[in-house]
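First comes the structure, then the notes that go with it.
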Protein chains: 2
Amino acid sequence: MAPRNKVTLKKIAELLKVTPATVSKALHDSSDISDAMRKKVKKTADKLGYRPNILARTLIQHRSFLLGVIIPDLRISFFSESSRGIYERARKRNYETILMVHDEKHEIEKENLEFLSDLHVDGILLNPAPGKFNYDVYDKLVEEGIQIVCYDRKLDDYNFPSVTIDDRKASYILTCEMLRLRRRKILFLGPNKGISVARERYLGYLDALSAYKVALNPDYVIPSDLSQTHSYEKMKSALDRGIEPDAVVCVGALVAYGAGNAILDSGLSIPDDIILGEFGDNDINSRLGVPFLTINQNPYKIGQAAVDLLVQNIEAKEKVVSEHIIIETKLLRREYGIRRHRSV
Amino acid sequence: MAPRNKVTLKKIAELLKVTPATVSKALHDSSDISDAMRKKVKKTADKLGYRPNILARTLIQHRSFLLGVIIPDLRISFFSESSRGIYERARKRNYETILMVHDEKHEIEKENLEFLSDLHVDGILLNPAPGKFNYDVYDKLVEEGIQIVCYDRKLDDYNFPSVTIDDRKASYILTCEMLRLRRRKILFLGPNKGISVARERYLGYLDALSAYKVALNPDYVIPSDLSQTHSYEKMKSALDRGIEPDAVVCVGALVAYGAGNAILDSGLSIPDDIILGEFGDNDINSRLGVPFLTINQNPYKIGQAAVDLLVQNIEAKEKVVSEHIIIETKLLRREYGIRRHRSV
DNA sequence: ATGGTTTTCGATAACGTTTAAGCTAATTTA
DNA sequence: TAAATTAGCTTAAACGTTATCGAAAACCAT
């Protein structure tokens, strides 16, 4: 491959008949360099549009000013929103971000992590895929000194700093609202173990039931993974075998999409027949006619806080801050009703 | 910053009491190396979990096996779908992808491009932000030999290879379907110049009108940018000032969200009162109750084709293939109706 | 003038690879 | 059997930076 036609320190140095070292120091405002030289160097660097080669710099400095962000799925609006908060905050703090998607699959998450390590990112904002797997990757990252902060989801076996909502409480509030609206046959759909978020949300669901003195019906706890298709099937088959809920607590956004479609495909309406509840973003009306009760997770703020925490850890000299930040949530109700349409 | 605790060629070389060159060649199956040595090297590299330092390699080879992907917005499902096609195809061809979002803003697109150039990506899959701006960045990329392929959107002033749908035809088909359904007061909402996609779609809209011998009502052409909020305002104010359409052709997905919310907020129903039409993805039912006519753009396939074209150009020895690939579309109709809900 | 400090720059090595060229010993060729 | 080739490794330079050390020049105080 042909070498890239780029302006380098060397070329600037040759041009000014000084050494690369001098140019480097001048650009970094080192006290080693005279004002005259500093100005001259900066002027020509500007004129030629010089941009430092971050590969070379990272190689020697072990510092890339790169942050990796690993998320499960682009279609989950919580993650598109929080990604924005992350990007903007990171830029303000002079870091670039690299977004990777694991699609709820461990192999891909592992690939993502390895790639980010290969790129020598300074830190990673992580949403792990659910379930158990070989933890060697995490150990390796820790060993390499790559800082990790979890947001939204946490890892059980690692005490990485995190920024999350109080999932148990949020789920409690969500379920209570359903109960307040006189619903009693409330389904819980999604994983209820493995991933921390799901476990906590399940506990909140139980809390609410017992607060309203409603007995738990084991048939109403329907395990599924976090995918839309699987959730659809689970919900559909529940309805098909005669289970008639009047509300559904969905662990994830895609779970809610799947459940919603299953409900509509069964000829039922939302929210008249069944109230759907989920955990989403703050842009409640951005999606047309998704008539859920929604826990606003404040994704933008979560993203920002996560960056702050991560950068704080990266730039800490010695001691590493391990903190668990909780972001406040709010219950929102959408305004639209939805049902199968007859004909156009 | 402390150096990363990583396995390097050097360490492997020391361990085996050979030189780094030998190790490098052994790992690359060079004919310079004996079978015995090759095996020995590979075994210990495996055992130690060696991963080559791509920074160092890229520095010398001018070849990163990295592809940049620039998209406008994560919330547009076309892009989340196509990103998946891109990621998977790229991996199959031994490239990693880096996703960047410009949020329809030129400054950010420019930052994205510069960052990707800094990272020494081999090529970029580009969806430019709409409107005019300083083209220096593009020129610089071309000069640096970074291959560029556009998909979905094209750049007017550069003949970069591209993968798109036939926007004019698709828009024609979409509008015709509205006309076939006896709608005559059809709005066109969104930009109708600047960005190529918008221009083409506007032409298709005109084509359909004249095919059905419907006169163009200039009041029905409502310019807006591609953002949801702006589209909402434009649609709302149109309805408020007494314009009563029975269908709306939306240039983009976020435009459609904005328009849809405006319609519902005005107490009108979709699609009974107003049919919404947009250009979307193939997962028509993934979004709950978005009751549009949708042109299925086959995003997954577009993504794959774009990667193929880009990689082909990157790996071409001399001549660079400049091709414009057209992907077939299909008109889909969603099944749900939607209106404002009265009470829970 | 002397000695000491400060300012300003250069020389050199290093980061982890790849690669062209060089060297030695073994093997082949005439 | 001497010359030529080949196999198998090492040397050294390079990619574009940064960091450390050293040296010359300038400044300052006595």
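By convention in this document, chain letters (A, B, ...) are assigned in the order of the sequence lines, proteins followed by strands, and residues within each chain are numbered from 1.
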Determine all donor-acceptor pairs shorter than 3.5 Å in which one atom belongs to a side chain in residues 65-74 of chain B; sequence neighbours excluded.
residue, atom, partner, partner atom, Å
B:Asp73, OD1, B:Arg75, N, 2.8
B:Asp73, OD1, B:Arg75, NE, 3.1
B:Asp73, OD2, B:Arg75, NH2, 3.0

- prompt: Do NZ/NE/NH1/NH2 and the carboxylate oxygens of B:Glu104 and B:Arg153 come within less than 4.0 Å?
  reply: yes

task: May I have the step-by-step check of salt bridge (Lys or Arg N to Asp or Glu O under 4.0 Å) for B:Lys43 and B:Asp46, ending in yes or no?
output: CA-CA 5 Å; B:Lys43 205 175 115 191; B:Asp46 266 15; over 6 Å; no

message: Please enumerate all residues that pass side chain to side chain donor-acceptor pair (under 3.5 Å) together with B:Lys105, with sequence neighbours excluded.
response: B:Asp103

field: Residues which pass side chain to side chain donor-acceptor pair (under 3.5 Å) with B:Asp136, listed by chain and number, not counting sequence neighbours
entry: none

Span of DNA chain C in contact with chain A (heavy atoms, under 4.0 Å): C:dT8 to C:dG16

- request: Look at the rings of B:Tyr151 and B:Phe79 and say which category their plane angle falls in: under 30° parallel, 30 to 60° tilted, over 60° perpendicular.
  value: perpendicular

- prompt: Bend across the helix from C:dA1-D:dT30 to C:dA30-D:dT1, to 10°, with axes taken over 5 pairs at each end?
  reply: 50°

message: Run the side-chain contact (heavy atoms from CB on, under 4.5 Å) test on A:Tyr135 and A:Asp157 for me, step by step, so that the C-alpha distance in whole Å, both residues' side-chain angles and the decisive distance to 0.1 Å come before the verdict.
response: CA-CA 9 Å; A:Tyr135 286 114; A:Asp157 302 336; 3.3 Å; yes

message: I'd like to check the side chain to side chain donor-acceptor pair (under 3.5 Å) partners of B:Lys154; sequence neighbours left out, ordered by chain and number.
response: none

Polar-atom pairs under 3.5 Å, protein N or O versus N or O of nucleotides 5-9 of chain D: list them with distances, or write none.
residue, atom, partner, partner atom, Å
D:dC9, OP2, B:Ser34, N, 3.1
D:dC9, OP2, B:Ser34, OG, 3.1
D:dC9, N4, B:Asp32, OD2, 2.9

Enumerate all atom pairs, one protein N or O and one N or O from nucleotides 14-17 of chain D, separated by less than 3.5 Å.
residue, atom, partner, partner atom, Å
D:dC15, OP2, A:Lys10, NZ, 3.1
D:dG16, N2, A:Ala56, O, 3.4
D:dT17, OP1, A:Tyr50, OH, 3.1
D:dT17, OP1, A:Asn53, N, 3.4
D:dT17, OP2, A:Leu9, N, 2.7
D:dT17, O5', A:Tyr50, OH, 3.1

- line: With sequence neighbours left out, the residues meeting salt bridge (charged side-chain N to carboxylate O under 4.0 Å, His left out) with B:Asp118 are A:Arg51

- request: Any pair with a residue in residues 18-30 of chain B that passes side-chain hydrogen bond (donor to acceptor under 3.5 Å, both in side chains), sequence neighbours left out, goes on the list, sorted by first then second residue, please.
  value: B:Thr19-B:Thr22, B:Lys25-B:Asp32, B:Asp29-B:Lys42

- prompt: Does B:Asn94 have any side chain to side chain donor-acceptor pair (under 3.5 Å) partners at least two apart in sequence or in another chain, and if so, which?
  reply: none

message: According to ring pair (Phe, Tyr, Trp, His ring centres under 6.0 Å), who are the partners of B:Tyr87, at least two apart in sequence or on a separate chain?
response: none

